[in-house]
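Since the structure is predicted, the reported quantities are computational estimates derived from the model, not experimental observations. Any value given below was found using the heavy atoms of this structure, including those in side chains, with hydrogens, waters and symmetry copies removed.
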Amino acid sequence: MQIAALIAVARTEGAPTARPPDEDFSVPIYLRTGRSVRGVPLAEITAIRADGDCSQIFLSNGSHLPDDRPMKWWQSVLPDADFLRVHRSAIANMRSIETLRRRSGRQDLELLVDNTVVPVPVSRAMAAEVRRRLGI
């Protein structure tokens, strides 16, 4: 009985207080390329595209950086509330989306993301979820 009471106290009183969502979004994530590591705040990541076994990270300033980790790793660490895997080769920051449009001459959709020249493809399976998250 005493053990159960200690566990209950540890769960309620010992638990850390929740941080505001914007504070979590400003925490840097570290990009790895070979021997170098660079910290980038989550808020600056607009999209991630697959590049073979690696990834290209697109930033809000218009630049892009390589990273040695695959898309599956990125999907597991990015907050679901802000990032969505919209295609097998792309993850988009839902806060950075400017336009959802049809690809030229096709039925498929694509996203235009802040300061990113290359559109982000949207798979047919994810089209409904993207529309729902955008509120359209």
Side-chain angles (χ1 to χ4, degrees):
M1 192 66 153
Q2 290 177 344
I3 293 174
L6 287 173
I7 291 172
V9 168
R11 283 187 158 182
T12 57
E13 295 176 13
T17 57
R19 291 184 291 194
D22 288 341
E23 185 177 328
D24 288 338
F25 205 62
S26 67
V27 172
I29 193 157
Y30 294 91
L31 307 179
R32 293 187 329 202
T33 304
R35 293 184 183 176
S36 67
V37 176
R38 177 179 173 185
V40 175
L42 279 177
E44 294 200 14
I45 298 175
T46 58
I48 301 170
R49 300 281 307 259
D51 186 15
D53 290 339
C54 302
S55 304
Q56 287 290 323
I57 314 304
F58 292 86
L59 303 176
S60 60
N61 65 6
S63 66
H64 60 92
L65 302 167
D67 186 78
D68 293 340
R69 295 169 289 207
M71 295 294 289
K72 191 169 190 167
W73 183 87
W74 282 103
Q75 187 177 4
S76 71
V77 299
L78 294 172
D80 293 336
D82 300 305
F83 291 89
L84 179 64
R85 188 151 187 186
V86 295
H87 191 271
R88 64 182 167 83
S89 66
I91 296 173
N93 181 342
M94 299 307 286
R95 295 182 184 199
S96 300
I97 294 174
E98 291 178 352
T99 307
L100 172 66
R101 68 179 187 192
R102 293 206 185 281
R103 292 173 69 180
S104 60
R106 301 182 69 177
Q107 291 291 331
D108 300 339
L109 298 173
E110 64 186 7
L111 298 169
L112 295 179
V113 183
D114 291 341
N115 298 323
T116 305
V117 177
V118 180
V120 177
V122 177
S123 70
R124 290 181 194 148
M126 291 304 296
E129 178 64 13
V130 169
R131 284 188 175 112
R132 185 188 72 74
R133 296 271 297 266
L134 293 175
I136 54 174

Practice task
Output, in order, the C-alpha distance, side-chain angles, deciding distance and verdict of side-chain contact (heavy atoms from CB on, under 4.5 Å) for Ile29 and Trp74.
Solution key: CA-CA 10 Å; Ile29 193 157; Trp74 282 103; 3.6 Å; yes
Nearest heavy-atom pair of [X] and [Y]: which atoms, and what distance?
X: Pro121; Y: Arg49; result: CD-CZ, 3.7 Å
X: Val37; Y: Arg32; result: CG2-CG, 4.3 Å
X: Leu42; Y: Phe83; result: O-CZ, 3.8 Å
X: Gln75; Y: Ile91; result: N-CD1, 3.8 Å

Practice task
Could you tell me whether Asp82 and Arg95 have a side-chain N and a carboxylate O separated by less than 4.0 Å?
Solution key: yes
Is there a path from [X] to [Y] through hydrophobic residues (I, L, V, M, F, W, Y) whose side chains come within less than 4.5 Å of each other?
X: Val120; Y: Leu134; value: yes
X: Trp73; Y: Leu84; value: no
X: Val130; Y: Ile136; value: yes
X: Met94; Y: Leu109; value: yes
X: Leu59; Y: Met71; value: yes

Spacing of [atom1] belonging to [X] relative to [atom2] belonging to [Y], to within rounding of 0.5 Å:
X: Arg85; Y: Asp80; atom1: CZ; atom2: CG; answer: 12.5 Å
X: Arg69; Y: Tyr30; atom1: CZ; atom2: OH; answer: 11.5 Å
X: Ser123; Y: His87; atom1: OG; atom2: NE2; answer: 6.0 Å
X: Gln56; Y: Leu65; atom1: CD; atom2: CG; answer: 8.0 Å
X: Lys72; Y: Arg88; atom1: NZ; atom2: CZ; answer: 15.0 Å

Problem - Matching residue for Arg101 among Leu111, Val122, Leu112 - test: side chain to side chain contact (heavy atoms under 4.5 Å, CB included) - result: Leu112
Exercise for the section: State, with a plain yes or no, whether a side-chain heavy atom of Ile48 is found less than 4.5 Å away from one of Asp67. Expected result: no
Exercise for the section: Tell me, with the steps shown, if Ile45 and Val40 meet side-chain contact (heavy atoms from CB on, under 4.5 Å). Expected result: CA-CA 8 Å; Ile45 298 175; Val40 175; 4.1 Å; yes
Exercise for the section: Can you establish whether the number of heavy atoms outside Asp53 located under 6.0 Å from its atom CG is more than 12? Expected result: no
Exercise for the section: Carefully, step by step, assess Thr46 and Asn115 under the rule side-chain contact (heavy atoms from CB on, under 4.5 Å). Expected result: CA-CA 8 Å; Thr46 58; Asn115 298 323; over 6 Å; no
